[in-house]
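Beneath this line is the structure, given in structure tokens, with notes to follow.
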Amino acid sequence: MCGRTSLFASAEVVRERFDADPVRPLEPRYNVSPGQEHPVVRNDAPDEIRFPTWGLVPRWSDGSGGSGHINARAETLAEKPSFREAFAERRCLVLADGFYDWKQTPTGKQPYRIEREDREPFAFAGLWEPGTEGAEDPNTGNRNGATFTVVTTEPNAVVERVHHRMPVMLSPGEEQRWLEGGDSDLLDPYPAAEMRAYPVSSAVNDPGNDSPAVIEEVPAEEDVQTGLGDFG
DNA sequence: CCAGACGTTGTT
DNA sequence: GTCTGG
DNA sequence: CCAGACGTTGTT
DNA sequence: GTCTGG
């Protein structure tokens, strides 16, 4: 992780939960992929919800090197040239109410949805970069908007069954501290007791399938094939 | 000194 | 296989 | 993260 | 911009 997420909680719930106002209407999203714009709260404007593009492009990059960094390892944030400055100065909360991971099985990849046990929205620890000044480069077509990345860490007991990394989820009490520059003690795996994971349809594989159907639980394909899913 | 990389996950 | 687009 | 393209000359 | 490799 983390390469796919969601945020379909109502605008009202999100506004109350994070005490911030979206700068444009908040639409429900069930399947958000890298390269898309997604709501975040930035440390430089903590009372606003903005929509940078998922995939951090360092300020010194001309953007020609591909589509940006969708994840950043918590273990090396402070050292890596691509993240060091953002870690020191540009924190953000990436708003979500779940994410998806693909478990490698003998028969293929089974997608799982992972969320809080109470299904409430939460925040990933994130870093952001400002866009380049001025208009989009007419020659390269490179985008010029702000970008962000999601910090990853080791998995907890729930996520471990699916994948060997997980995004850093902040508890409500940690959010302000992260924005204000708190350090790596905030970047531990989230408590497994407050999370759950369940298999979902491979419809989620296609980023174009952005509907409530992709959050519905289905029998895991490997369980179907071994008969484990047959009797409830 | 300049040139070239700068990242993750996953895979081998 | 690898890169780009979503 | 996964899905889908990945090429040219020339033609409509 | 800053670090590493040559």
Side-chain angles (χ1 to χ4, degrees), chain A residues 1-7 27-39 51-90 94 96-115 124-133 136-137 140-145 147-155 159-169 187 189 197 199-211 213-215 218 221:
Chain A
M1 257 298 303
C2 158
R4 215 65 81 78
T5 189
S6 70
L7 181 64
E27 306 293 345
R29 297 297 308 279
Y30 299 87
N31 192 1
V32 178
S33 60
Q36 297 183 332
E37 296 179 353
H38 187 74
F51 295 78
T53 298
W54 188 1
L56 182 147
V57 178
R59 162 199 300 291
W60 40 263
S61 165
D62 61 5
S64 63
S67 30
H69 305 120
I70 71 173
N71 295 137
R73 293 177 64 90
E75 298 89 335
T76 53
L77 277 184
E79 305 148 24
K80 295 292 183 181
S82 291
F83 304 126
R84 189 173 145 184
E85 187 178 295
F87 177 63
E89 299 171 12
R90 291 184 297 276
V94 179
D97 42 29
F99 62 92
Y100 304 93
D101 261 333
W102 281 258
K103 179 178 184 175
Q104 190 69 56
T105 73
T107 54
K109 286 185 175 179
Q110 172 70 52
Y112 283 76
R113 177 174 169 80
I114 299 154
E115 58 187 14
F124 295 123
L127 305 176
W128 65 276
E129 282 285 331
T132 55
E133 300 296 324
E136 176 178 279
D137 186 325
T140 65
N142 289 335
R143 69 173 78 243
N144 65 349
T147 57
F148 73 93
T149 191
V150 173
V151 179
T152 63
T153 187
E154 305 177 314
V159 179
E160 194 176 36
R161 299 186 301 112
V162 180
H163 209 65
H164 66 96
R165 297 292 289 175
M166 72 178 280
V168 172
M169 296 166 60
L187 302 179
V200 295
S201 160
S202 59
V204 77
N205 292 8
D206 187 338
N209 292 329
D210 186 15
S211 81
V214 304
I215 71 166
V218 303
E221 196 60 34

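So you know, we letter chains A, B, ... as the sequences are listed, proteins then strands, and number each from 1.
- When the C1' atom of D:dA3 is taken as reference, atom CG of A:Asp210 falls 16 Å away, rounded to whole Å.
- With rounding to whole Å, A:Asn205 atom CG is found 16 Å from C:dG5 atom C1'.
- Atom P of D:dT8 sits at a distance of 15 Å from the matching atom of C:dT4, rounded to the whole Å.
- Of the side-chain N and O atoms in A:Asn71, none sit less than 4.0 angstrom from OP1 or OP2 of B:dT9.
- We find that A:Asp97 and A:Arg113 are joined by a salt bridge, their nearest charged nitrogen and carboxylate oxygen being less than 4.0 Å apart.
- Rounded to an integer number of Å, the gap from CD of A:Glu85 to C1' of B:dC6 is 14 Å.
- Comparing E:dG1, D:dC2, B:dG7 against the side chain of A:Pro207 picks out D:dC2 as the nearest.
- When the C1' atom is compared between C:dG5 and B:dA5, the two are found 25 Å apart, to the nearest whole Å.
- Side-chain atoms of A:Gln36 lie closest to C:dG6 of the nucleotides B:dC6, B:dT11, C:dG6.
- Note on A:Arg73: only backbone sugar-phosphate atoms sit closer than 4.0 angstrom, heavy atoms only; bases stay farther off.
- Of all heavy-atom pairs spanning A:His38 and A:Val32, the tightest one is ND1-CG1, 3.6 Å.
- The distance from atom CD of A:Glu89 to atom P of E:dG1 is 14 Å, rounded to the nearest whole Å.
- Distance A:Phe87 CZ to E:dG1 C1': 19 Å, rounded to the nearest Å.
- Using a 4.5 Å cut-off on side-chain heavy atoms (C-beta onward), A:Val162 and A:Lys103 make contact.
- Put simply, A:Thr149 has no side-chain N or O that comes within less than 4.0 Å of OP1 or OP2 on B:dT8.
- Among B:dC6, D:dC2, B:dT8, the nucleotide with an atom closest to any side-chain atom of A:Trp102 is D:dC2.
- Among the atoms of the strands shown, base atoms are found under 4.0 Å from some heavy atom of A:Ser33.
- Per the geometry, CZ belonging to A:Phe51 stands 20 Å off P belonging to C:dG6, to the nearest Å.
- Between the CH2 atom of A:Trp54 and the C1' atom of C:dG5 there is a distance of 15 Å, rounded to whole Å.
- Phosphate proximity of B:dT8 to A:Thr76: present, with a side-chain N or O under 4.0 Å from OP1 or OP2.
- Residue A:Arg84 has its side chain nearest to E:dC3 when only C:dG6, E:dC3, D:dA3 are considered.
- To the nearest angstrom, C1' of D:dC2 lies 11 Å from CG of A:Asn209.
- The gap from the C1' atom of B:dA3 to that of D:dC6 amounts to 30 Å, rounded to the nearest Å.
- Dense packing is recorded around CZ of A:Arg29, with more than 12 heavy atoms of other residues, nucleotides or ligands lying under 6.0 Å away.
- If you check every strand for non-hydrogen atoms under 4.0 Å, A:Ile70 touches a base.
- Between A:Arg4 and C:dG6 there is no side-chain N or O to OP1 or OP2 distance below 4.0 Å.
- In this structure, the side chain of A:Asn71 does not engage the main chain of A:Thr152 through any donor-acceptor pair within 3.5 Å.
- OP1 or OP2 of B:dT9 has not a single side-chain nitrogen or oxygen of A:Gln104 nearer than 4.0 Å.
- Using N1 to N3 plus N6-O4 or O6-N4 for Watson-Crick, or N1-O2 and O6-N3 for G-U wobble, each under 3.5 Å, B:dA5 pairs with E:dT2.
- With C1' as the reference atom, B:dT11 and D:dC1 are 16 Å apart, rounded to whole Å.
- In this structure, of D:dA3, B:dC6, C:dG6, it is B:dC6 that holds the atom nearest to the side chain of A:Trp60.
- Remark: the separation of the C1' atoms in D:dT9 and B:dG4 is 37 Å, to the nearest Å.
- Here the closest heavy-atom approach between residue A:Thr53 and residue A:Glu37 is recorded as OG1-CG, 3.7 Å.
- Counting heavy atoms from C-beta on, the side chains of A:Trp54 and A:Val150 come closer than 4.5 Å.
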